Amino acid sequence: MSVKIALAGNPNCGKTTLFNALTGSNQFVGNWPGVTVEKKEGRLKGNKDVVIMDLPGIYSLSPYTLEEVVARNYLINERPDAIINIVDGTNIERNLYLSTQLIELGIPVLMAVNMMDIVEKSGDKINISKLSERLGCEVTTISALKGTGIMKAAERAVALANAKKAAPKVHKFAVKVENVLTAVEDKLGSDIPEEQKRFFAVKLLEKDDKIGEQMKKVPDVSAEIEMLEKEMDDDTESIITNERYVYISSIIGECYTKAGKETLTVSDKIDKIVTNRWLALPIFAVVMIIVYAVSVTTVGTWATDWANDGVFGDGWSLFGLEIPGIPVLVEGALEAIGCADWLMGLILDGIVAGVGAVLGFVPQMLVLFIFLAFLEACGYMARVAFIMDRIFRKFGLSGKSFIPMLIGSGCGVPGVMASRTIENDRDRKMTIMTTTFVPCGAKLPIIALIAGALFGGAWWVAPSAYFVGIAAIICSGIILKKTKMFAGDPAPFVMELPAYHMPTAGNVLRSMWERGWSFMKKAGTIILLSTIVLWFLMSFGWMDGSFGMLEAEELDYSILAALGGVFAPLFAPLGWGDWKMAVAAITGLIAKENVVGTIGILFGVAEVAEDGAEIWEQLAASMSAVAAYSFLVFNLLCAPCFAAMGAIKREMNNIKWFWFAIGYQTVLAYAVSLCVYQIGMLCSAGAFGIGTVVAFLLVIGFIYLLFRPYKESTTLKVDMKKAAMGIK
Amino acid sequence: MSTLKEIPCGKTVKVTKLTGEGPVRRRIMDMGITKGVEVFVRKVAPLGDPVEVTVRGYELSLRKADAEMIQVE
């Protein structure tokens with residue numbers, strides 16, 4: 001007989017640490033059905049029959065945030081055998097607020113008061129037996145970080161689960177409220193078990209708009225609500241919340257003794273400096289420079305170069321020992337067995353290159369993930385949101401979006417992956433969609449090519465590319481937050497600033513590994529598949545009347561070139577209807593720096609420098625400056641490379657959102673390039689045509705989308721039935 | 001009667017009422033800002049918004065626009 005135990009608690013209370021300590025490596029990480037909230041399940045160390053479910057960190061069981069809805073759906077529909085309610089002992093008052101709601105669910109609750117070591121060190125005292133008596137649930141003390149008391153807590157929870165006895169209801173609100181609650185409970189149908197009645201009664205009184213979907217029959221309680229609101233001169237939602245806190249204050253008064261005078265804790269002292277009005281921004285800049293310098297430019301570049309040019313390249317040396325790269329080894333092996341050319345091409349340029357494209361990002365990403373995990377666990381990430389909120393919220397992003405964008409200027413793949421630190425679903429999706437607009441390192445050669453070939457290396461081309469990227473982010477933010485896709489869910493920014501503390505190496509490494517692994521698994525497949533498909537399109541074609549495999553220089557004859565010819569007219573309104581440029585843009589999907597190489601090959605130069613200096617003249621002769629700039633803008637904004645698309649797919653975790661993101665980026669790129677070319681031509685050559693009209697219409701539409709009024713939504717748009725079914 | 005938005009840093013005030021409605025208000029209450037509780041305005045973010053307050057023994061940040069919903073004395 002297996003026992004199911006749910007871990008519930010506030011964010012930052014040490015829940016993840018406890019979960020890791022209880023389950024060790026017996027974990028399964030997934031997602032709650034239909035939503036992007038992470039779902040973690042594990043088996044108790046030493047007792048495989050006990051399944052532990054790590055619920056998302058929540059402050060309340062209100063119907064307003066995705067995490068809360070997911071957690072309460074699980075608790076109501078799945079009904080775990082017991083709940084371990086983990087409570088931060090150093091912040092017990094607010095933590096108990098959730099506890100009072102959990103106890104009402106009629107599921108046995110064991111309260112684990114965490115961080116007892118810190119509480120004791122500060123000299124504060126918590127009267128555990130009194131707390132247990134007043135709350136009506138069992139209480140134990142633990143230190144998840146040090147591992148003290150955790151196995152005992154788990155054993156007690158299992159015992160509670162087996163006893164199947166829900167906590168007796170001891171907490172009482174004011175008499176007036178209790179009377180109304182009893183009246184509502186009496187109205188509930190028989191489909192609701194006795195021990196859950198209080199929960200449903202409270203939710204009905206609070207006018208909770210999601211609870212009806214969990215009930216067969218929803219009684220009409222408007223008379224009770226009206227009576228109570230009149231009598232207490234407040235709305236029921238406030239009345240209930242007030243009652244809970246009044247009740248908690250009374251418990252705290254009896255059970256918690258503070259050690260004399262309030263002194264500044266170490267965390268307070270750190271915070272005084274770190275978020276100081278004058279020092280905060282410089283400190284923030286320094287932290288960001290360190291993160292960027294280490295994970296993108298120095299260690300990150302070594303790691304990427306080692307992975308791409310060494311392990312998946314010609315080879316690398318370890319203490320003077322020459323170790324050949326994997327492609328070299330594979331090639332040698334294939335030649336030795338006399339493998340056919342096409343198969344060798346498939347294996348080397350398709351599969352090995354594809355795997356390399358996936359794994360090449362991993363070392364750099366792991367470096368970045370260590371930083372992110374550290375910043376999150378130590379409490380600084382919340383301060384990042386605090387410091388940057390003012391700027392980013394204007395265009396529907398979170399203050400935490402800063403980090404993905406910053407990293408995105410190095411490489412969009414880890415940039416997109418860094419968006420995981422944003423809790424709010426809407427902010428996160430918006431960040432994922434816009435991060436790749438920032439010109440990444442691989443787009444720099446394209447900028448250099450266009451600037452060199454057509455603008456005589458003008459200084460303003462590169463800054464203008466960044467300007468276009470940033471403008472795209474800002475405008476997209478404003479436009480998207482008004483669309484149906486985004487305007488749906490509310491995003492309150494009422495955020496706890498947790499106390500600073502030193503994270504454990506174990507937790508940081510585990511978080512790093514989980515994210516890295518999920519990239520390899522989820523993003524890897526799409527990257528690998530698309531690399532193989534493009535390899536096929538590029539290396540096969542018709543030459544001299546027969547279909548066959550081509551040399552790299554014969555790209556003109558490939559299937560891809562033929563496809564380029566088909567697609568080229570599509571790009572004619574953008575000014576670069578030449579099939580060569582279309583093909584170059586498509587090969588940019590493998591990696592953006594390929595664009596320059598492809599143009600080189602198509603203009604008859606097999607090997608070009610990074611900025612394509614050899615073909616500047618030819619390119620300048622083949623297109624106008626306006627067309628070239630339009631080409632540049634398109635490549636900056638359109639769908640990113642496959643690796644970044646893989647990351648987007650992983651982070652969106654939803655195929656519909658993935659296509660929405662890619663589609664949006666490409667449509668935006670097309671529209672902006674069209675406007676650049678058509679209006680540019682009008683200004684430079686006085687050319688006026690149907691394209692110019694379309695461009696002006698697009699500009700007007702764009703301005704409308706930017707400035708149209710909209711209203712923030714106040715309800716969470718989640719199909720509860722679907723979510724509930726999915727969980728079962 | 002004033003709102004939390006107008007209170008300067010370093011002052012402690014008592015909440016008298018929460019105006020407005022919907023998720024932000026519920027969230028503010030869930031986080032412990034309810035009638036009668038004492039709120040200490042700790043600091044303002046470097047760019048002038050949001051503000052950081054101490055309530056029920058922990059640190060909370062909220063935007064000035066939301067702080068306007070909290071009436072204090």
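The model shown is predicted, which means the values in this text are computed figures rather than measured ones. Naming: A, B, ... by sequence-line order, numbering from 1 per chain.
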> Less than 4.0 Å between a side-chain N and a carboxylate O, is that true for Arg56(B) and Glu38(B)?
Replying inline: no

> With chain B, which of Asn10(A), Asn91(A), Ile92(A), Thr90(A) has the greatest number of heavy-atom pairs at distances under 4.5 Å?
Replying inline: Asn91(A)

>> Under 4.5 Å from any heavy atom of chain A, what part of Val51(B) do you find: side chain, backbone, both or neither?
In response: backbone

>> Heavy-atom pairs under 4.5 Å with chain A: which of Gly32(B), Gly36(B), Ala65(B), Cys9(B) has the most?
In response: Gly32(B)

>> Assess whether a salt bridge exists between Lys207(A) and Glu229(A), defined as any Lys/Arg side-chain N lying under 4.0 Å from an Asp/Glu carboxylate O.
In response: yes

> In terms of heavy-atom proximity below 4.5 Å to chain B, should Asp88(A) be classed as side chain, backbone, both, or neither?
Replying inline: neither

> Considering residues at least two apart in sequence or located in another chain, which fulfil the ring-ring contact (aromatic ring centres under 6.0 Å, His included) criterion with Tyr380(A)?
Replying inline: none

> Less than 4.0 Å between a side-chain N and a carboxylate O, is that true for Arg42(B) and Glu52(B)?
Replying inline: yes

> Which bit of Asp235(A) is near chain B, if near means a heavy-atom gap under 4.5 Å: side chain, backbone, both or neither?
Replying inline: side chain

> Relative to chain A, which of Thr34(B), Leu62(B), Asp30(B) shows the most heavy atom pairs under 4.5 Å?
Replying inline: Asp30(B)

>> As an exercise: rank Ile387(A), Thr275(A), Leu281(A) by heavy-atom pairs under 4.5 Å with chain B and give me the winner.
In response: Thr275(A)

> Between Tyr97(A) and Tyr245(A), does the ring centre distance come in under 6.0 Å?
Replying inline: yes

> With only heavy atoms counted, which part of Glu93(A) is less than 4.5 Å from chain B, the side chain, the backbone, both or neither?
Replying inline: side chain

> Under 3.5 Å, is there a donor-acceptor pair between the side chain of Lys394(A) and the main chain of Asp389(A)?
Replying inline: no

> Taking every heavy-atom pair that is under 4.5 Å apart, which of Glu206(A), Met388(A), Arg383(A) has the most such pairs with chain B?
Replying inline: Glu206(A)

>> Less than 4.5 Å to any heavy atom of chain B: does that hold for the side chain of Ser267(A), its backbone, both, or neither?
In response: neither

>> Taking the basic N atoms (NZ, or NE/NH1/NH2) and the acidic carboxylate oxygens, is any pair closer than 4.0 Å for Arg72(A) and Glu67(A)?
In response: no

